[in-house]
Amino acid sequence: MQGIGGAIVETEAYTRDDPASHSFRGPTARNAAMFGPSGHAYVYRSYGIHWCFNVVCEAGSAVLVRAIEPLLGIETMARRRDGTNVRLLCAGPGRLCQALGIDRDCDGMPIDGTPMAIAAGRPKAPVVASPRIGITKAVDRKWRFCLAGSAYLSRPA
DNA sequence: GGTAAGATTGTCT
DNA sequence: GACAATCTTACCG
């Protein structure tokens, strides 16, 4: 199969009763996908410039995919991101979406088949929890999970 | 109908 | 290390 992708190395969790979550105040036009079927994508625009990719778990809960380790289609990613260092291709929500070509068209799209899919696997290194990044509420919740020692994190653990 | 805030990134000093 | 870029949604009047 020809495509682009890699191993997820950094995620963050957001739930319905989490003040930092978009779903905290209930369903709206923007976060509709977050209340949709599990296993679907929730894509939203951040700071008017970047896209952020989430995977819906259950109604109102989702996992933000912050970074992946590029494995497939690295050339395509590098071209989209204008020849950036491979290590930075997907190190961050905005970068990841740009490299994978994710935009609002992917909002609400199922990711258990074509064109997107996520497979379960065993982490190659310990997964460590730490405070989430870039938020102003519920900062003390350690709901950021990243692969220890990975060189592809948006920020070191 | 107007204003403020936001789960970010790239660039300049 | 600090700040600007850029736009959609949410909240208030």
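Residue numbers begin at 1 in each chain, while the letters A, B, ... track the order of the sequences.
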Measure [atom1]/[X] against [atom2]/[N] and give the value in whole Å, please.
{"X": "A/I135", "N": "B/dT8", "atom1": "CD1", "atom2": "P", "value": "9 Å"}
{"X": "A/R16", "N": "B/dA7", "atom1": "CZ", "atom2": "C1'", "value": "18 Å"}
{"X": "A/R45", "N": "C/dC7", "atom1": "CZ", "atom2": "P", "value": "7 Å"}
{"X": "A/D103", "N": "C/dC7", "atom1": "CG", "atom2": "P", "value": "15 Å"}
{"X": "A/R25", "N": "B/dA7", "atom1": "CZ", "atom2": "P", "value": "11 Å"}
{"X": "A/D140", "N": "B/dA7", "atom1": "CG", "atom2": "P", "value": "15 Å"}
{"X": "A/N31", "N": "C/dT8", "atom1": "CG", "atom2": "C1'", "value": "13 Å"}
{"X": "A/Y47", "N": "C/dA4", "atom1": "OH", "atom2": "P", "value": "14 Å"}

Check: Are A/Q98 and A/R81 linked by a side-chain donor-acceptor pair shorter than 3.5 Å?
Finding: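 A donor-acceptor contact under 3.5 Å links the two side chains.
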- Is it true that the side chains of A/D18 and A/T15 contain a donor and an acceptor less than 3.5 Å apart? no
Using a cut-off of strictly less than 4.0 Å, decide whether [X] has a side-chain nitrogen or oxygen near OP1 or OP2 of [N].
{"X": "A/T136", "N": "B/dG6", "value": "yes"}
{"X": "A/R144", "N": "B/dA7", "value": "no"}
{"X": "A/R104", "N": "C/dT8", "value": "no"}

> Does NZ or CZ of A/R132 come closer than 6.0 Å to the centre of the six-membered ring of A/Y14, within 45° of the ring's axis?
Replying inline: yes
Exercise. Determine, step by step, whether A/S154 and A/E10 satisfy the side chain to side chain donor-acceptor pair (under 3.5 Å) criterion, reporting the C-alpha distance in whole Å, the side-chain angles of both residues, the deciding distance to 0.1 Å, and the verdict.
Key: CA-CA 8 Å; A/S154 62; A/E10 182 179 353; 2.9 Å; yes
Which of these nucleotides, [options], is closest to any side-chain atom of [X]?
{"X": "A/S46", "options": "B/dT8, C/dA5, C/dC11", "result": "B/dT8"}
{"X": "A/H50", "options": "B/dT9, B/dA7, C/dT6", "result": "B/dT9"}
{"X": "A/R30", "options": "C/dT9, C/dC7, B/dT8", "result": "C/dT9"}
{"X": "A/R81", "options": "C/dC7, B/dA7, B/dG10", "result": "B/dG10"}
{"X": "A/R95", "options": "B/dT9, C/dA5, C/dA10", "result": "B/dT9"}
{"X": "A/L64", "options": "C/dA5, B/dA7, B/dT9", "result": "B/dA7"}
{"X": "A/I49", "options": "C/dT9, B/dA7, C/dA5", "result": "C/dA5"}

Which is true for A/T28 with a 4.0 Å heavy-atom rule: it touches a base, it touches only sugar-phosphate, or it touches nothing?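 Contact class for A/T28: sugar-phosphate only.
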Hey, is A/Y14 stacking on B/dA7? Ring centres under 5.5 Å, planes under 30°.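 The ring of A/Y14 is stacked on B/dA7.
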Pairing partner (Watson-Crick or G-U wobble, both distances under 3.5 angstrom) of B/dA7: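 Here B/dA7 is not engaged in any pair, so there is no nucleotide opposite it.
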Smallest heavy-atom separation, A/R45 atom then A/I49 atom, equals CD-N, 3.8 Å
Judged by nearest nucleotide, the residue sitting upstream toward the 5' end of DNA chain B, A/G92 or A/K137, is A/K137
Rounded to the nearest 0.5 angstrom, the CG-CG distance for A/L96 and A/L64 is 9.0 Å
